[in-house]
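Chain identifiers are assigned alphabetically (A, B, ...) following the order of the sequence lines, protein sequences preceding nucleic acid strands; residue numbering begins at 1 within each chain.
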Amino acid sequence: MNLVYLVPLFPLLGFLINGLLRKSLSKSLIGIIGSGAILASFIVSILLFLQVKEQGALPVEPLFTFINTGTFNIGFAFQVDQLSTIFLLIITGVGFLIHVYSTAYMHDEETKHFGRYFAYLNLFVFSMLLLVLGANYLIMFLGWEGVGLCSYLLIGFWFKVDNYNVAARKAFVMNRIGDVGFLLAMFWLLQKLGTLNYADVFANYKNLSGTDITGITLLLFLGAAGKSAQIPLYTWLPDAMAGPTPVSALIHAATMVTAGIYMIARSNILYTLAPLTENVVAIIGLATAILGATIALKQNDIKKVLAYSTVSQLGYMFLGLGVGAYTGAVFHVMTHAFFKACLFLGAGSVIHAMSGEQDMRYMGGLKKWMPITNITFLLSCLAIAGVPPLSGFFSKDEILAAADLHNPVLYWVGVAGALMTAFYMFRLYAATFLGKFRGTHEHHLHESPAAMTIPLIVLAILAVVGGFIGIPEVFAKDAHWLEHFLAPVFAQSKALQPEHLGDATHELMLMGIVTVLSIVMIVWAWRKYSKYQPAAEEETGLGKVLENKWYVDEAYNAAVVKPVNSFGGFLKNVVEKSGIDGIVNGAGRFVQYSARQLRLLQSGQVGSYLLFMVLSIVVLFLIFWNQGIIIAFIQKIF
Amino acid sequence: MNAIILSVIIGVVMMFCSVFVPNKNSYRHIASIGLVLLLAGNIAEMHGFSLFHINTKGMLSYDNFGLFFNTIAIASTLIYVLLSGRDIQKIGTYVAEYFVLIFFVLCGIAILSSYNNLLMLFLGIEILSIPLYILTGSDKRNMMSNEAALKYLLMGSFSTGLMLMGIALIYGATGSFNIEVIHAASPQQGANGMSELSVSFLEIMGMLLLMVSIGFKVSAAPFHFWTPDVYDGAPAVITSFMATIVKVAGFIAFIKLFDARMLGTSVETNKLIGVDWKLLFAIIIICTLLVGNVTAVFQQSVKRMLAYSSIAQAGFMLFALFSMNDVAKEGILVYSVAYSLATIGIFAILVKMKDFTFEGYNGLGKTQPVLAFTNTIFLLSLAGIPLTAGFFAKFFMLESAIKTGTYLWLVIAAVVFAAISVYYYFRVIQAMYFKAGDAAVVEAPTMSFKIGLLLLAAIIIYFGIFPQALLSWFYF
């Protein structure tokens, strides 16, 4: 029996129960329902995964006809294959841990807000599951919009703070810009192929011209750039840190922001056929990776550092997609989900201990009070910095190796970003956990409860060992389990890609250099920031530019937001007031005037009624006998 | 045949009830049971099971379209009696008679949906009209009601005269009352304009007169003058019946007369007896929409507004006659249901109101939330807002007109008028929800009344989402 429909069903039920009964359930019950729903999904996902591992992709499971018009037919159908099971495991597995973590992290909220939080979170998981399970682009789009909505709701979870609402709105608008691309791509596909089903689209790609494929893939990439925070639409993600920290971990690090990678990996055949788009994806990805990394160097808010780091890591994933390393990109999605979720949750644990303080200039020396958070955070930092044999090393290396085969320039720029990553992560770590405490409320500091530390431990373990499912060829032949597992999904692309055989010694040498350099960066940052004292004077020069995030937000404000606002003002004050209102009110007055005149005909006198009738009959007769002339007249006018 | 004979039998039985059953409250229950029987009989006939086998010598013919319409009419009447039965009782003392007359009207409707002969058309129209003259004047101590009945009778007689004149002219030209024979006698090759036609002048005059007299019955402008006065003067429950079921029946008679294809005589659509009637219908539609919508804007009484709104809605239903294609015939069925159900609901609520003016509805949303909510849905349906049955009703009508490929300006005008209609329908909604006041009802509505309203609203929304459901019943 195919259990696939159960996977999204549990979170949906959780959402309904918690959403509808949020005022009457107790907090512990809400937590159990919310986490239990995800756990149930996770268990079913494991079953599905084992099934897929055993017998390959399951047949598409149609649930019902979603849209049926004369010319096209879209079913509400689920597709479980290797790619979607990997995402299922990430979403439900990491999702479950974060739900458990949230029960403790959000414990101070009022019960009804607590319920609302879990309802949103479950709804998010439901939408995310739809996104990866759908068997056609429309279902993916439904999930796509669903996660966008939940992201909006959760960023603005504390809606009483105005700034948070602004951040939520910004995320929504940025995502909508990307959605336009997604929608247009779907229309284009429909127009050319008449279908949105993955199976049909990928089987009939030969009916698409080169322009079609390039256009469609570019538009899809615009959608992906919105959702996955790539240049030029990345600015919402750092602001999205306004939401509760577990939300940042789940939505803005581990799952939702990787939707764009899923979409492109899913459509891999189209991208393989569009070299131009591939180059665009690779360059934008790399540029985002570097931009994010540079900004992260100078941020002081612990969550902002992680946010820019996420932007940067997502850039690496797109770089992987752009150079055709689809497995590498998915691999990095997975390892990134582990270590970045762990980092965010660790940051949450720190913030929890610091009673809401997020600025690391007022932290330091937390190692003493928070041993578990400290060690898990350290391990995740090592993983993201790419220290072997932790997970980040393998996945990042796979992407960079593929980039090297593509073009060494991409490789070296990518390496520069990776070194910056190592530096800013250890700046963050050292400034937070090492040295002396620089804050004021030392007596508050405490390790977080078990509900928060256990997810941290699990994620840290995964961040350490997660890389072993993708050991590169150069170390051991056929040891890359993930590549074999995902091979059927990317088979079509693989057949079209030129076979690159890297030189093993060359690859090993590069790997060695990068590793050594990374460790150098780590040691440098460690030494520099373990005795960190925040500088009193303001940053100058490049440092200031980085601290202000390259002034991108300001540039967008000046170039887009302000002109649009003033155009809106013009429409409202001039066009609407004097133009449209005038026409509408004029029409209204005209109708009222005619009504007053027509009313006079209704005199109440039977005699006059009959007279009118007879006159009308005569007129009708006259019209009828001369209709040839009248029709000719009307045709002349219209 | 089932519907014609059963309705008369049940009517007569009810008449005796007034003698033998002393309890007035039981009449409406008997009437409901009678309507259920009638409905069952008609549905049985749709499945080919006829109780009576009478050779009508081709004067009546039963097809799926007519029978299905009968089902709609009877079912709507049932809903009407269930919702407003109490209020029918309150009109006066002779309660049973009111129900009897309703059954006789249904008999007339059944004839109109199956006539194949102009004499039967005349008979059906008269059987339908005469009980209505009485019902209009049923509130006999009320001068308004009396005046309305007299006006209705006078003007109705005038239109009957026109109809008889038309039938006589047609008989003179073709020597037959049978529609098929009349159509067969007409030339087929008529093209543009009259000059090329060799159709007898008498026949066309006759047809025009028939058109005017049926146009009078469905209150198409400029033959609508009786409508506001009669609808306003008659007791509100009776207006409800007249404005919905009776009016729609007139359209069925109209369609049967003008649907040449149904009679298999003309392959070309819209060329009845070789003449293109489109222009005349277009003019009538424009007049009807104009008079109905524009005059409704200025009314102070909801009841009178509804009278004009019923004229406006008739303008939309006339599109079926204008385009006369398959979409039109399906559309008029959807329209009948959407319009009748919504209007029955609105009147059922109106009857409960103490004050029929717009001010009378102020604040109904607070005092009677269920009434106000369902009323909103009914009004939205009449205005043709999506997700209500009324949207698809209008949609089908306009689609049918677009399919004819001509007179696009007429469709545009209709959409503009539909937009105007939103104004006066929303005035009621505005009064109910956004104006302060305590709208008073005559008596607290019972729970079953509220549930009935909610069910009716649910049906309207159901058909607004799945309009195909209705049509699939038609084709079952």
Side-chain angles (χ1 to χ4, degrees), chain A residues 64-73 76 580-638, chain B residues 147 150-155 158-159 162 192-196 201 204-205 207-209 211-213 215-216 221-229 232 275-280 282-284 287 290-299 304 307-308 406-409 412 416-417 419-420 423-424:
Chain A
F64 53 87
T65 304
F66 187 48
I67 294 176
N68 187 10
T69 68
T71 44
F72 78 111
N73 184 325
F76 202 95
I580 296 176
D581 267 7
I583 294 171
V584 171
N585 290 340
R589 268 195 289 277
F590 175 71
V591 168
Q592 287 196 336
Y593 172 78
S594 342
R596 241 171 282 146
Q597 305 308 312
L598 271 179
R599 217 160 59 112
L600 300 178
L601 280 181
Q602 199 72 31
S603 59
Q605 303 296 319
V606 176
S608 68
Y609 290 171
L610 291 184
L611 182 65
F612 277 128
M613 265 178 76
V614 173
L615 286 177
S616 331
I617 293 170
V618 172
V619 171
L620 279 185
F621 281 8
L622 287 176
I623 290 174
F624 192 70
W625 296 121
N626 299 303
Q627 63 169 303
I629 302 165
I630 293 169
I631 287 173
F633 180 68
I634 289 173
Q635 275 164 354
K636 215 175 250 169
I637 296 176
F638 294 99
Chain B
E147 185 195 331
L150 192 61
K151 265 188 197 166
Y152 194 13
L153 175 65
L154 283 174
M155 300 189 68
F158 184 73
S159 108
L162 291 180
N192 308 322
M194 294 302 298
S195 52
E196 301 167 35
F201 178 80
I204 290 177
M205 280 303 282
M207 219 51 192
L208 271 170
L209 286 174
M211 181 177 165
V212 168
S213 66
F216 172 88
F223 320 112
H224 67 282
F225 291 106
W226 62 278
T227 315
D229 292 5
D232 202 19
V275 179
D276 196 341
W277 297 85
K278 272 213 179 75
L279 179 67
L280 271 200
I283 291 171
I284 293 180
C287 290
L290 178 77
V291 167
N293 285 305
V294 173
T295 321
V297 166
F298 223 69
Q299 300 306 318
R304 209 169 164 85
Y308 282 105
T406 48
Y407 294 91
L408 195 61
W409 56 271
I412 294 169
V416 170
F417 281 121
I420 294 178
Y423 174 80
Y424 52 85

- prompt: If you measure from OG1 on B:T227 to CZ on B:F216, what distance do you get to the nearest 0.5 Å?
  reply: 7.5 Å

- prompt: Under a 4.5 Å heavy-atom cut-off, does chain A meet the side chain of B:F223, its backbone, both or neither?
  reply: both

query: What part of B:L162 is in contact with chain A, defined as an atom under 4.5 angstrom from a non-hydrogen atom: side chain, backbone, both or neither?
result: side chain

message: Could you tell me if the side chain of B:M211 sits less than 4.5 Å from the side chain of B:I284, heavy atoms only?
response: yes

message: Is the shortest side-chain heavy-atom distance between B:T295 and B:Y424 below 4.5 Å?
response: no

field: Max heavy-atom pair count under 4.5 Å with chain A, selected residue of B:L279, B:V297, B:N293
entry: B:L279

message: Using 30° and 60° as the class boundaries, would you call the ring planes of B:F225 and A:Y609 parallel, tilted or perpendicular?
response: parallel

- prompt: Tell me, side chain or backbone of B:L290 under 4.5 Å from chain A's heavy atoms, or both, or neither?
  reply: both

